[in-house]
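Residue numbering restarts at 1 for every chain, and letters A, B, ... go by the order of the sequence lines. The shown structure was predicted, so the numbers you read here are calculated from the model rather than taken from an experiment.
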2 protein chains.
Amino acid sequence: MNTLIIVSHPTIADSPTQQFLKASAAGVKGATWHHLDEINPLDVAAEQALIQAADRLIFEFPLYWYQAPASLHQWLAAVWTRGFAYAETGGKLTGKTLGLVVSYSQPKQAYQIGGSEGVSMSTLLSPYQALARKTGLTLLAPLEIAQFSYLTEEQRAHLFTRYQQYLTVPQPARFADQAAWFLAELAARGKADSTAALMASTLAERQDQLTSLRQTIAELREGEAD
Amino acid sequence: MNTLIIVSHPTIADSPTQQFLKASAAGVKGATWHHLDEINPLDVAAEQALIQAADRLIFEFPLYWYQAPASLHQWLAAVWTRGFAYAETGGKLTGKTLGLVVSYSQPKQAYQIGGSEGVSMSTLLSPYQALARKTGLTLLAPLEIAQFSYLTEEQRAHLFTRYQQYLTVPQPARFADQAAWFLAELAARGKADSTAALMASTLAERQDQLTSLRQTIAELREGEAD
């Protein structure tokens with residue numbers, strides 16, 4: 001899978017989050033780091049060729065006043081033209097996937113009704129859902145990075161892997177896809193054998209069962225409360 | 001009332017909508033037209049002084065990929081600094097009002113669930129609600145301008161007035177405030193007399209009664225459907 005990571009960040013050298021993600025992306029075959037604020041001048045045809053060569057697009061940015069920084073807006077306005085991004089007969093993006101990697105300095109629970117920010121991340125990011133819908137892109141659930149500077153070493157290691165999965169796994173939120181990814185990683189490091197394969201598939205199966213049981217319990221509890 | 005109209009539009013000379021609004025704003029005392037894309041270089045202190053001198057801020061822009069163009073984002077990131085826009089002890093914006101004048105080329109009904117864009121304008125503009133909440137600004141209901149180029153002469157005349165009211169009337173959606181505005185306009189043109197005053201106050205009263213009756217009917221109908 002070819003993944004184009006479209007990064008919008010005006011002061012990226014000072015961003016520990018983006019430096020960390022860049023190091024993580026460097027370990028992913030087929031992933032291209034594309035920092036918008038460094039492009040000058042903008043070559044629309046070259047940008048469109050990059051997009052067309054990708055199976056997955058990632059919009060990666062910090063929240064500035066609840067939205068992406070200016071460079072993403074500028075790039076979209078210039079590059080996602082009528083005829084390319086959308087057209088009567090279908091645009092060139094149809095069938096690709098779009099992921100969002102969004103970082104912010106509040107805790108995750110701030111972004112919900114009644115939270116300190118009073119609005120959910122899904123609501124704030126609704127323009128990207130509308131954009132995906134318009135262009136035939138399949139939108140992935142966002143990968144949110146809350147308060148990167150407070151993460152423990154273990155949490156960072158976890159994020160490192162979750163981000164790599166987000167760049168390439170068909171459905172990053174599906175346990176079966178995650179297990180397949182682990183197996184492929186082991187294989188790439190020459191460590192895969194039938195035991196590892198069995199372990200990975202068992203893990204995926206157990207996880208899916210666990211999720212299903214948890215849902216059942218949640219539904220039963222909701223029933224009680226009615 | 002001092003109103004700062006913060007316009008974000010990269011090709012404003014080619015925008016009949018913005019040219020029309022600029023002409024409308026020119027007739028409003030205390031309104032300042034401030035086109036962001038023409039500012040170069042940006043003087044943060046001067047921008048902050050402009051903002052502080054205003055009682056009402058207007059963000060005015062066309063929708064580009066469901067969001068404001070880049071210049072508004074750039075300006076916000078540079079000018080709305082911590083300490084100015086928000087602070088532990090309260091920022092400098094608290095108590096002012098914020099209006100949004102948003103233009104787009106789809107019909108208004110496109111922006112709702114089940115509509116051709118599949119999302120409401122309120123949802124798309126949620127970042128501005130969050131921003132107003134954070135900074136202590138009172139957000140006005142947006143003034144939406146759908147398909148300006150298809151408006152009839154009469155609809156344009158209506159928009160001309162509605163926009164002028166939006167720039168200065170305390171609550172642009174309140175009939176009483178609209179009536180007071182009409183009266184003030186007549187007075188300014190030397191045409192106000194006691195008949196005009198009576199007409200305006202009667203109009204406001206009747207409109208409010210009308211709204212109240214319509215709400216009652218709507219509620220009764222909802223009751224029937226339950």
*Nearest heavy-atom pair of B:Ala68 and A:His73: which atoms, and what distance?*
O-ND1, 3.8 Å
*Side chain, backbone, both or neither: which part of B:Trp75 has an atom under 4.5 Å from a heavy atom of chain A?*
neither
*asked:* Given 3.5 Å as the limit, does a donor-acceptor pair link the side chain of B:Arg133 with the main chain of A:Val119, or not?
replied: no
*side chain to side chain donor-acceptor pair (under 3.5 Å) between B:Tyr64 and A:Gln74, intermediate numbers included*: CA-CA 10 Å; B:Tyr64 283 8; A:Gln74 191 123 41; over 6 Å; no
*If every non-hydrogen atom of B:Ala130 is compared with every non-hydrogen atom of A:Leu124, which pair is closest and at what distance?*
CB-CD2, 4.5 Å
*Under 4.5 Å from any heavy atom of chain B - which part of A:Thr135*: side chain
*Can a salt bridge be assigned to the pair A:Lys134 and B:Glu117 using a cut-off of 4.0 Å between side-chain N and carboxylate O?*
yes
*Got more than 12 heavy atoms from elsewhere within 6.0 Å of CG, B:Leu213?*
yes
*Fit a plane to each ring of B:Tyr86 and A:Trp65, take the angle between them on a 0 to 90° scale, and name the class: parallel (under 30°), tilted (30 to 60°) or perpendicular (over 60°).*
perpendicular
*Has B:Gln129 got more than 12 heavy atoms of other residues, nucleotides or ligands less than 6.0 Å from its CD?*
no
